[in-house]
Enquirer: 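This structure is in structure tokens; I'll ask about it shortly.
On a predicted model such as this, the values are computed, not experimentally measured, just so you know. Order of the sequence lines fixes the chain letters, A, B, ..., with proteins taken first and strands second; residue numbering starts at 1 for each chain. We use all heavy atoms of the structure for the numbers below, so side chains are in, but hydrogens, waters and symmetry mates are not.
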Protein chains: 2
Amino acid sequence: MECKKDFQTDRKKEMLAVHDAMDVLSGKWKIYIISSICHYNKRRFSDILEDVSGISNKMLSKELKELEVNKLIKRTVLDTQPVTVQYELTAHGQTLKTIVTNLTEWGIAHRKKIIGKK
Amino acid sequence: MECKKDFQTDRKKEMLAVHDAMDVLSGKWKIYIISSICHYNKRRFSDILEDVSGISNKMLSKELKELEVNKLIKRTVLDTQPVTVQYELTAHGQTLKTIVTNLTEWGIAHRKKIIGKK
DNA sequence: CAGTATCCCTGTCGATACTG
DNA sequence: CAGTATCGACAGGGATACTG
């Protein structure tokens, strides 16, 4: 990435785009929720609640809703008794995998750098 | 990225790493500050304050400090009257460019998907 | 200039209880 | 089961004033 040239145009667009991306991912539990659903392909509300240790039902509900609005996950109500709801990544949601991978790799390198080895 | 296999080991490490990365980047102004410094190579406090519209001196001071602790930027006090301070990206800070690029690209794609074209 | 200190308001989030 | 409703604590962050 070149950081110089066309400051006024390129940079402002870039800032907007980065902000959009961060908005989607920066919820306190978003990445953990995505990870849980991703791992199991399909996952139910109460199961995610257990996967993501520490999250409350209120937060899970809220963040799932946000992810759904952003078309990253698909919510399916199954006709069971009592009701069961399944969540899964959409095709668009799958594209997050790449950036999660990048974040992971950078995070590992960063940890080595800061905390020092291991 | 494969999301399945070695759930208990791989996934937990991954979550940790992603969390580390997000920690560094998720400050309200971090990316804007980095972008400003990156664009000019070296940049002074008051200049960044103007580049990043809306930020307060308190927040700028706080986030710069965090970036410095994480060894992403280098702070240099120049022996002028009155004092001048220059900030620049460290070699480690430069490695962020890749992930900022990824976030930017994903953000653009996401915006097209959600807001709909343009 | 480059910050610190203070005050205060707001949104966020946890705990808990309740509903279809 | 899969949420919603409500309350309250508390941290984030803005405005402003002050300091070396």
Enquirer: Nearest whole angstrom, please: distance from the P of C:dA2 to the CG of B:L64.
Expert: 11 Å

Enquirer: Classify B:K58 by what it touches in the nucleic acid, base, sugar-phosphate, or nothing, heavy-atom distance under 4.0 Å.
Expert: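 Base, at least one base heavy atom under 4.0 Å.
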
Enquirer: In whole Å, I'd like the distance from the CD1 atom of A:I55 to the C1' atom of C:dT16.
Expert: 17 Å

Enquirer: Spell out, as yes or no, whether a donor-acceptor pair under 3.5 Å connects the side chain of A:S35 to the backbone of A:I31.
Expert: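 A pair under 3.5 Å: no.
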
Enquirer: Measure from the side chain of B:K65, starting at C-beta and using heavy atoms only, and say which of C:dA17, D:dA2, C:dT4 lies closest.
Expert: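 Output: C:dT4.
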
Enquirer: I want to verify a distance call: between D:dA2, D:dG14, C:dC13, whose nearest atom is closest to the A:M59 side chain?
Expert: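 Out of D:dA2, D:dG14, C:dC13, the nucleotide with an atom closest to A:M59's side chain is C:dC13.
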
Enquirer: I want to confirm an ordering. Mapping A:V83 and A:K62 to their closest nucleotides on DNA chain C, which one lands closer to the 5' end?
Expert: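 The residue mapped nearer the 5' terminus is A:K62.
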
Enquirer: How do A:N57 and B:D47 order along DNA chain C: which one's closest nucleotide is nearer the 5' end?
Expert: B:D47

Enquirer: Any donor and acceptor pair, going by atom type alone, linking the side chain of B:T104 with main-chain N or O of A:A17 inside 3.5 Å?
Expert: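 It does not hold such a pair.
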
Enquirer: For B:D79 and C:dC1, what is the distance between atoms CG and P respectively, to the nearest whole Å?
Expert: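 Spelled out: CG on B:D79 to P on C:dC1 is 17 Å.
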
Enquirer: Under 4.0 Å from OP1 or OP2 of C:dA2: is there any side-chain N or O of B:R75 that close?
Expert: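 False: B:R75 side-chain N/O out of range (4.0 Å or more) of C:dA2 OP1/OP2.
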
Enquirer: Within a strict 4.5 Å, meaning less than it, do heavy atoms of the B:E105 and B:T101 side chains meet?
Expert: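 Result yes, sub-4.5 Å side-chain heavy-atom pair found.
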
Enquirer: Look at the side chain of B:S46 and decide which nucleotide, out of C:dC1, C:dG3, D:dG3, has an atom nearest to it.
Expert: C:dC1

Enquirer: Does C:dC1 have OP1 or OP2 under 4.0 Å away from a side-chain N or O of B:T80?
Expert: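 Looking at the OP1 and OP2 atoms of C:dC1, neither is under 4.0 Å from any side-chain N or O of B:T80.
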
Enquirer: Let me know the distance between CG of A:L60 and C1' of C:dC13, rounded to the nearest Å.
Expert: 14 Å

Enquirer: For B:E63 and D:dA11, what is the distance between atoms CD and C1' respectively, to the nearest whole Å?
Expert: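 It works out to 14 Å between those atoms.
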
Enquirer: So, does A:S56 get its side chain near the phosphate of C:dG14, meaning an N or O under 4.0 Å from OP1 or OP2?
Expert: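 Looking at the OP1 and OP2 atoms of C:dG14, one of them is under 4.0 Å from a side-chain N or O of A:S56.
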
Enquirer: Using the side-chain heavy atoms of B:V85, tell me which of these nucleotides is nearest: D:dG14, C:dA2, D:dG3.
Expert: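 Within the option list, the nearest is C:dA2.
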
Enquirer: Ignoring the backbone of B:T84, work out which of D:dC1, D:dG3, C:dC1 is nearest its side chain.
Expert: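 Taking heavy atoms from C-beta onward, the closest nucleotide is C:dC1.
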
Enquirer: Could you tell me the separation between the CG atom of B:L49 and the C1' atom of C:dC1, rounded to a whole number of Å?
Expert: 11 Å

Enquirer: For the residue pair B:W106 and A:H92, categorise the inter-ring angle as parallel (less than 30°), tilted (30 to 60°) or perpendicular (more than 60°).
Expert: parallel

Enquirer: Starting at atom NZ of A:K28, determine the distance to atom P of C:dG11, rounded to an integer number of angstrom.
Expert: 18 Å

Enquirer: Is B:Y87 close enough to C:dG3 that one of its side-chain N or O atoms is under 4.0 Å from OP1 or OP2 there?
Expert: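 Checking B:Y87 against C:dG3: at least one side-chain N or O falls below 4.0 Å of OP1 or OP2.
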
Enquirer: Quick one: does A:L25's side chain get under 4.5 Å of A:I99's, heavy atoms only?
Expert: yes

Enquirer: What nucleotide, of C:dG14, C:dG3, D:dA2, holds the atom closest to the side chain of A:W29?
Expert: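 The answer is C:dG14, which lies nearest to the side chain.
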
Enquirer: Is the shortest side-chain heavy-atom distance between A:R75 and A:K65 below 4.5 Å?
Expert: no

Enquirer: May I ask you to say whether B:K28 pairs ionically with B:E63, meaning some side-chain N is under 4.0 Å from a carboxylate O?
Expert: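 Here B:K28 does not pair with B:E63 in a salt bridge, since their nearest N and O are not under 4.0 Å apart.
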
Enquirer: Would you mind telling me which of B:L49, B:I73, B:L64, B:D51 makes a side-chain contact (heavy atoms from CB on, under 4.5 Å) with B:I33?
Expert: B:L64

Enquirer: For DNA chain C, which consecutive runs of 3 or more Watson-Crick or G-U pairs (each distance under 3.5 Å) count as stems?
Expert: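 Correct response: C:1-20 with D:1-20.
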
Enquirer: Would you mind reading off the distance between B:Q81 atom CD and D:dG20 atom C1', rounded to a whole angstrom?
Expert: 10 Å

